[in-house]
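One structure is given here, and the rest of the page talks about it.
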Amino acid sequence: MAAHTHMRILIVEDEPDLLASLAQALREEGYAVDTADNGDDGLFNAEGTDYDAIILDVMLPGIDGWEILKRLRKTKKTPVLMLTARDQTRDRVKGLDNGADDYVVKPFDLEEVFARLRAVIRRSANKTTNVIEIGDVKIDTAARNVFFKDKAVEITAREYALVEFLALHRGEVVTRTQLYEHLFDENESSLSNLLDVHVSNVRKKLGAEFIATRRGHGYCIE
Ligand code: CA
């Protein structure tokens with residue numbers, strides 16, 4: 001229990017029973033929990049407090065979860081675990097592009113929420129203070145920011161993960177399999193073809209030559 005006492009979580013969910021049971025379960029796990037039952041209060045809290053993570057429902061009265069995420073990402077990198085009612089690739093892709101850290105599809109198992117919550121918090125906390133510089137690209141692995149020619153680049157969480165992973169393996173060919181395993185969990189095999197989309201987006205943002213394709217092998221940053 002004591003393990004999480006310093007962790008503060010915001011839950012934004014409009015279904016009263018679900019909100020109450022999630023909040024209670026997380027408090028029993030030792031988290032400090034704030035709640036909001038509509039989009040506007042959720043955004044207000046999310047922007048005004050440094051939470052360790054936010055559990056964010058998609059369908060909300062007022063502004064919806066996607067809009068909250070989009071606005072929040074302009075100022076904060078708080079880990080966000082989305083609750084989505086529909087297991088549709090379209091929705092999940094939208095979330096990835098908007099900077100969500102992970103998803104749980106309703107109806108969910110509480111243990112799954114706990115596990116994913118711990119994972120997003122751990123990933124966010126395991127930051128190093130290294131800044132990696134590769135040509136015109138600078139990667140701040142503490143802030144999870146990327147700069148191109150000294151200008152901050154708008155980059156999604158997945159794109160960032162791709163760039164960071166390749167940068168940490170600079171000079172090596174990273175196989176597509178390695179990237180899949182790093183970027184997507186085992187339940188996301190349907191999203192594997194998105195790897196090409198992420199690579200293409202990163203090239204648009206950081207220069208076409210930033211990531212080299214090693215045909216038949218994978219990708220490489222020289
Ligand atoms: Ca809802």
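For reference, positions follow the sequence shown, starting with 1. Because the structure is predicted, anything quoted here is derived from the model rather than measured.
Residues satisfying the salt bridge (charged side-chain N to carboxylate O under 4.0 Å, His left out) test with E15, not counting sequence neighbours, are K106. With sequence neighbours left out, the side-chain contact (heavy atoms from CB on, under 4.5 Å) criterion links E209 to no other residue. Partners of K149 under the salt bridge (charged side-chain N to carboxylate O under 4.0 Å, His left out) rule, at least two apart in sequence or in another chain, do not exist in this structure. Qualifying ring pair (Phe, Tyr, Trp, His ring centres under 6.0 Å) partners for Y51, counting only residues two or more places apart in sequence or in other chains: none. For E47, the side chain to side chain donor-acceptor pair (under 3.5 Å) criterion is met by no residue, not counting sequence neighbours. Scored by the side chain to side chain donor-acceptor pair (under 3.5 Å) test, D136 finds no partners at all (sequence neighbours excluded). A search for side chain to side chain donor-acceptor pair (under 3.5 Å) contacts involving S200 returns nothing, not counting sequence neighbours.
Residues V163 and L206 are in side-chain contact: their nearest non-hydrogen atoms beyond the backbone lie under 4.5 Å apart. Considering only heavy atoms from C-beta on, K138 stays 4.5 Å or farther from V146 through its side chain. At least one side-chain heavy atom of E29 sits less than 4.5 Å from a side-chain heavy atom of R118. With contacts defined as side-chain heavy-atom distances shorter than 4.5 Å, the pair L83/Y103 does not qualify. Within the 4.5 Å cutoff, the side chain of L179 has heavy atoms near those of the L162 side chain. Between I55 and V12 there is no side-chain heavy-atom pair separated by less than 4.5 Å. For the pair R170 and I134, the minimum side-chain heavy-atom distance is below 4.5 Å. Residues D196 and R176 are in side-chain contact: their nearest non-hydrogen atoms beyond the backbone lie under 4.5 Å apart.
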- Task: Quick one: do F147 and I139 satisfy side-chain contact (heavy atoms from CB on, under 4.5 Å)? Show the steps, please.
- Result: CA-CA 6 Å; F147 299 86; I139 303 157; over 6 Å; no
- Decide yes or no on side-chain contact (heavy atoms from CB on, under 4.5 Å) for T213 and R203, but give the supporting numbers first. CA-CA 11 Å; T213 302; R203 282 173 171 155; 2.6 Å; yes
- Go through the steps to decide whether N201 and T156 satisfy the test side-chain contact (heavy atoms from CB on, under 4.5 Å), and finish with yes or no. CA-CA 10 Å; N201 287 342; T156 67; over 6 Å; no
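Each salt bridge (Lys or Arg N to Asp or Glu O under 4.0 Å) pair with one or both residues in residues 32-42, not counting sequence neighbours, appears once here: R8-D34. Among pairs with a residue in residues 199-222, none fulfils ring pair (Phe, Tyr, Trp, His ring centres under 6.0 Å), at least two apart in sequence or across chains. Pairs engaging residues 213-222 under the salt bridge (Lys or Arg N to Asp or Glu O under 4.0 Å) rule: R214-E222 [sequence neighbours left out].
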Could you pull out every donor-acceptor pair under 3.5 Å between side chains of residues 68-82 and any protein atom, sequence neighbours left out?
{"residue": "R71", "atom": "NE", "partner": "E67", "partner atom": "OE2", "Å": "3.0"}
{"residue": "R73", "atom": "NE", "partner": "G99", "partner atom": "O", "Å": "3.0"}
{"residue": "R73", "atom": "NH1", "partner": "K76", "partner atom": "O", "Å": "2.9"}
{"residue": "R73", "atom": "NH1", "partner": "T78", "partner atom": "O", "Å": "3.1"}
{"residue": "R73", "atom": "NH2", "partner": "T78", "partner atom": "O", "Å": "2.8"}
{"residue": "R73", "atom": "NH2", "partner": "G99", "partner atom": "O", "Å": "3.2"}
{"residue": "R73", "atom": "NH2", "partner": "D101", "partner atom": "OD2", "Å": "2.9"}
{"residue": "T75", "atom": "OG1", "partner": "L72", "partner atom": "O", "Å": "3.4"}
{"residue": "K76", "atom": "NZ", "partner": "D50", "partner atom": "OD1", "Å": "2.5"}
{"residue": "K77", "atom": "NZ", "partner": "R144", "partner atom": "O", "Å": "3.4"}
{"residue": "K77", "atom": "NZ", "partner": "N145", "partner atom": "OD1", "Å": "3.1"}

Let me check something: any side-chain donor-acceptor pairs from residues 17-25 under 3.5 Å, sequence neighbours excluded? List them with distances.
{"residue": "S21", "atom": "OG", "partner": "D17", "partner atom": "O", "Å": "3.1"}
{"residue": "S21", "atom": "OG", "partner": "L18", "partner atom": "O", "Å": "3.1"}
{"residue": "Q24", "atom": "NE2", "partner": "E28", "partner atom": "OE2", "Å": "2.9"}

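Using a distance-only test at 3.5 Å, with no hydrogens or angles considered, a donor-acceptor pair links the side chain of K205 to the main chain of E154. A distance-only check finds a donor-acceptor pair linking the side chain of R27 to the backbone of V33 [under 3.5 Å].
Put simply, CG on L10 and OH on Y31 are 14.0 Å apart, with the number rounded to the nearest 0.5 Å. Atoms CD and CG, on E13 and D57 in that order, are 4.0 Å from each other to the nearest 0.5 Å.
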